[in-house]
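Read through the structure below, which is laid out as structure tokens, and then see the notes.
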Amino acid sequence: MPSDSALRIVWIYPDLLSTYGDQGNVLVLEQRAQRRGIATETIHVRSADPIPESGDVYLIGGGEDRPQILAAARLRKDGGLHRAIARGAAMLAVCAGYQIMGSTFGGEEGQPVDGIGLLDIDSSRGPARAVGELVAEVDAALDVPVLTGFENHMGVTRLGPGVKPLSKTIRGVGNGDGFEGCYAGHVVGTYLHGPALARNPGLADLLLSWRVGELAPLDDSRYEALRQERLATVLAS
């Protein structure tokens with residue numbers, strides 16, 4: 001990202017995929033960038049609009065089956081997201097948005113539906129809904145603290161050789177294989193709501209650093225104390 005321009009945050013299809021407060025991820029990125037003196041520009045892309053290819057960080061949230069299927073079809077037809085990622089943009093895809101990034105996911109009746117093939121994963125319906133708090137230890141290569149969040153999905157996601165697990169589950173279901181989420185390059189997929197970046201500012205900073213480089217530290221001591229208290233309560237329950 002050029003030093004004289006604003007960080008462009010692109011929120012994809014809020015009219016289709018924006019459940020469980022996932023739009024809060026946008027607000028957290030804006031705040032953590034602005035607290036460091038980084039100007040931001042946020043673009044809300046509705047499902048009838050083309051995906052801009054000049055964004056820095058792209059975000060997509062969760063949703064129900066029909067909106068998920070429609071979003072996947074429109075993203076496949078558009079192609080702009082693939083070009084943006086190929087150009088070096090970062091991305092966070094949550095829940096239904098995470099599944100869309102793969103080759104296939106389960107439709108309304110469990111039938112396979114084509115994703116957009118941005119991540120080497122495929123998803124299907126599991127035997128039971130995963131609902132509740134999730135805690136997971138992040139891949140050490142990413143240097144992000146333990147993740148916490150809320151999951152509510154029926155997906156089982158299988159990772160191919162082109163991606164790495166984002167984290168190892170300590171509590172919760174995640175992908176269904178002992179891991180939660182995945183990443184490849186500057187693209188992260190996760191089942192975590194909460195919203196994810198509000199509960200895990202380290203993950204927000206990772207996305208920012210991928211576009212702006214080394215970040216100035218922020219005083220998160222008060223927030224981190226509350227986060228650790230919540231984490232201890234979840235693990236003890």
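No hydrogens, no waters, no symmetry mates; every other heavy atom, side chains included, goes into these values. The shown structure was predicted, so the numbers you read here are calculated from the model rather than taken from an experiment.
- Side-chain atoms of D114 never come within 3.5 Å of backbone atoms of T104 as a donor-acceptor pair (strictly under, hydrogens ignored).
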Tell me, with the steps shown, if H153 and Y191 meet ring pair (Phe, Tyr, Trp, His ring centres under 6.0 Å). CA-CA 8 Å; H153 62 92; Y191 277 111; 3.7 Å; yes
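- Separation of atoms CD1 (I69) and CG (L16) is listed at 11.5 Å; rounding is to 0.5 Å.
- Summarising the geometry of Y58 relative to A84, their closest heavy-atom pair is OH-CB, 3.2 Å, with the distance given to 0.1 Å.
- Within 6.0 Å of atom CZ in R66, 12 or fewer heavy atoms from other residues, nucleotides or ligands are found, so the atom counts as exposed in its surroundings.
- Taking a cutoff of 4.0 Å between a charged side-chain nitrogen and a carboxylate oxygen, D220 and R35 qualify as a salt bridge.
- Here the straight-line distance linking atom CD of E108 with atom CD of Q68 works out to 10.0 Å at 0.5 Å rounding.
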Determine, stepwise, if the pair V26 / L197 fulfils side-chain contact (heavy atoms from CB on, under 4.5 Å). CA-CA 9 Å; V26 177; L197 299 187; over 6 Å; no
Evaluate side-chain hydrogen bond (donor to acceptor under 3.5 Å, both in side chains) for E133 paired with T148, printing each intermediate quantity in order. CA-CA 7 Å; E133 289 290 319; T148 73; 5.5 Å; no
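- Between V156 and G126, the shortest heavy-atom contact is CG2-CA, 3.5 Å.
- At a threshold of 4.5 Å between non-hydrogen side-chain atoms, the residues L81 and I116 count as touching.
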Evaluate salt bridge (Lys or Arg N to Asp or Glu O under 4.0 Å) for R74 paired with D49, printing each intermediate quantity in order. CA-CA 9 Å; R74 294 191 175 184; D49 301 329; over 6 Å; no
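- Atom CG of L134 and atom CZ of R199 lie 9.5 Å apart (nearest 0.5 Å).
- Between the side chains of H193 and D22, at least one donor-acceptor pair of N or O atoms lies under 3.5 Å.
- Ion pairing between D205 and R36 holds under the 4.0 Å rule for side-chain N and carboxylate O.
- Atoms CD1 and CG, on I38 and L208 in that order, are 6.0 Å from each other to the nearest 0.5 Å.
- Around the CG atom of D143, the shell of radius 6.0 Å holds no more than 12 heavy atoms that belong to other residues, nucleotides or ligands.
- Proximity of Y20 to N152: side-chain heavy atoms (C-beta onward) are separated by under 4.5 Å at one or more points.
- Residues G107 and D65 share a closest heavy-atom pair of O-OD2, 4.3 Å.
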Dump the intermediate steps for side-chain contact (heavy atoms from CB on, under 4.5 Å) on V234 and R171, then the final yes or no. CA-CA 9 Å; V234 169; R171 174 170 179 164; 4.1 Å; yes
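- Under the 4.5 Å side-chain heavy-atom criterion for Ile, Leu, Val, Met, Phe, Trp and Tyr, L92 and V212 are members of the same hydrophobic cluster.
- Residues V163 and I121 form a side-chain contact, since some pair of their non-hydrogen atoms from C-beta on lies under 4.5 Å apart.
- Distance CD1/I100 to CD1/I60: 5.0 Å, rounded to 0.5 Å.
- By the 4.5 Å heavy-atom criterion applied to side chains, N25 and W11 are not counted as neighbours.
- Side chains of L7 and I9 form a contact here, defined as non-hydrogen atoms less than 4.5 Å apart.
- Judged purely by distance below 3.5 Å, without hydrogens or angles, the side chains of S209 and E214 never pair a donor atom with an acceptor atom.
- Considering all non-hydrogen atoms of both residues, L17 and A71 come closest at CD1-CB, 3.7 Å.
- L215 and V138 fall within a single hydrophobic cluster, where Ile, Leu, Val, Met, Phe, Trp and Tyr are joined by side-chain heavy atoms under 4.5 Å apart, directly or via other members.
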Assess whether side-chain contact (heavy atoms from CB on, under 4.5 Å) is satisfied between M91 and I12, documenting all intermediate values. CA-CA 11 Å; M91 182 171 190; I12 299 173; 4.2 Å; yes
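- Side-chain N/O atoms of E30 and T42 include a donor and acceptor closer than 3.5 Å.
- Contact check for I85 versus L118: side-chain heavy atoms found under the 4.5 Å cut-off.
- Proximity of a side-chain donor or acceptor of E151 to a complementary backbone N or O of V173 within less than 3.5 Å is detected.
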Audit row: S103, D122, side-chain hydrogen bond (donor to acceptor under 3.5 Å, both in side chains) steps and yes/no: CA-CA 5 Å; S103 58; D122 67 88; 4.8 Å; no
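- At most 12 non-hydrogen atoms from other residues, nucleotides or ligands lie less than 6.0 angstrom from CD of E137.
- A continuous path of ILVMFWY side-chain contacts below 4.5 Å connects L203 to L142, so both sit in one hydrophobic cluster.
- V94 is not connected to F105 by any chain of hydrophobic side-chain contacts under 4.5 Å among Ile, Leu, Val, Met, Phe, Trp and Tyr, and they are in different clusters.
- For N175 and R158, the side-chain atoms include no donor-acceptor pair closer than 3.5 Å.
- Clustering ILVMFWY residues whenever any of their side-chain heavy atoms sit less than 4.5 angstrom apart, transitively, puts L192 in the very cluster that holds L59.
- Side-chain atoms of Q228 and E224 form a donor-acceptor pair, as typed in the model, at a separation below 3.5 Å.
- D120 is listed as a side-chain neighbour of P161, based on a closest heavy-atom distance under 4.5 Å.
- Surrounding CZ of R129 are more than 12 heavy atoms belonging to other residues, nucleotides or ligands, all under 6.0 Å away.
- What you find for L159 and C182 is that their closest heavy atoms are CD2-CB, 3.8 Å.
- Distance NE2/H82 to CZ/R76: 10.5 Å, rounded to 0.5 Å.
- Side-chain atoms of R32 and T40 form no donor-acceptor pair, as typed in the model, at a separation below 3.5 Å.
- When only modelled atom types and interatomic distance are considered, E64 and T19 share no side-chain donor-acceptor pair under 3.5 Å.
- Side-chain atoms of V135 and T169, non-hydrogen and from C-beta on, never get closer than 4.5 Å to each other.
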Should V57 and L29 be marked as a side-chain contact (heavy atoms from CB on, under 4.5 Å) after you check the CA-CA gap, both sets of side-chain angles, and the distance that decides it? CA-CA 9 Å; V57 183; L29 276 183; 3.6 Å; yes
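- When all heavy atoms of N200 and V146 are compared, the closest pair comes out as OD1-O, 3.7 Å.
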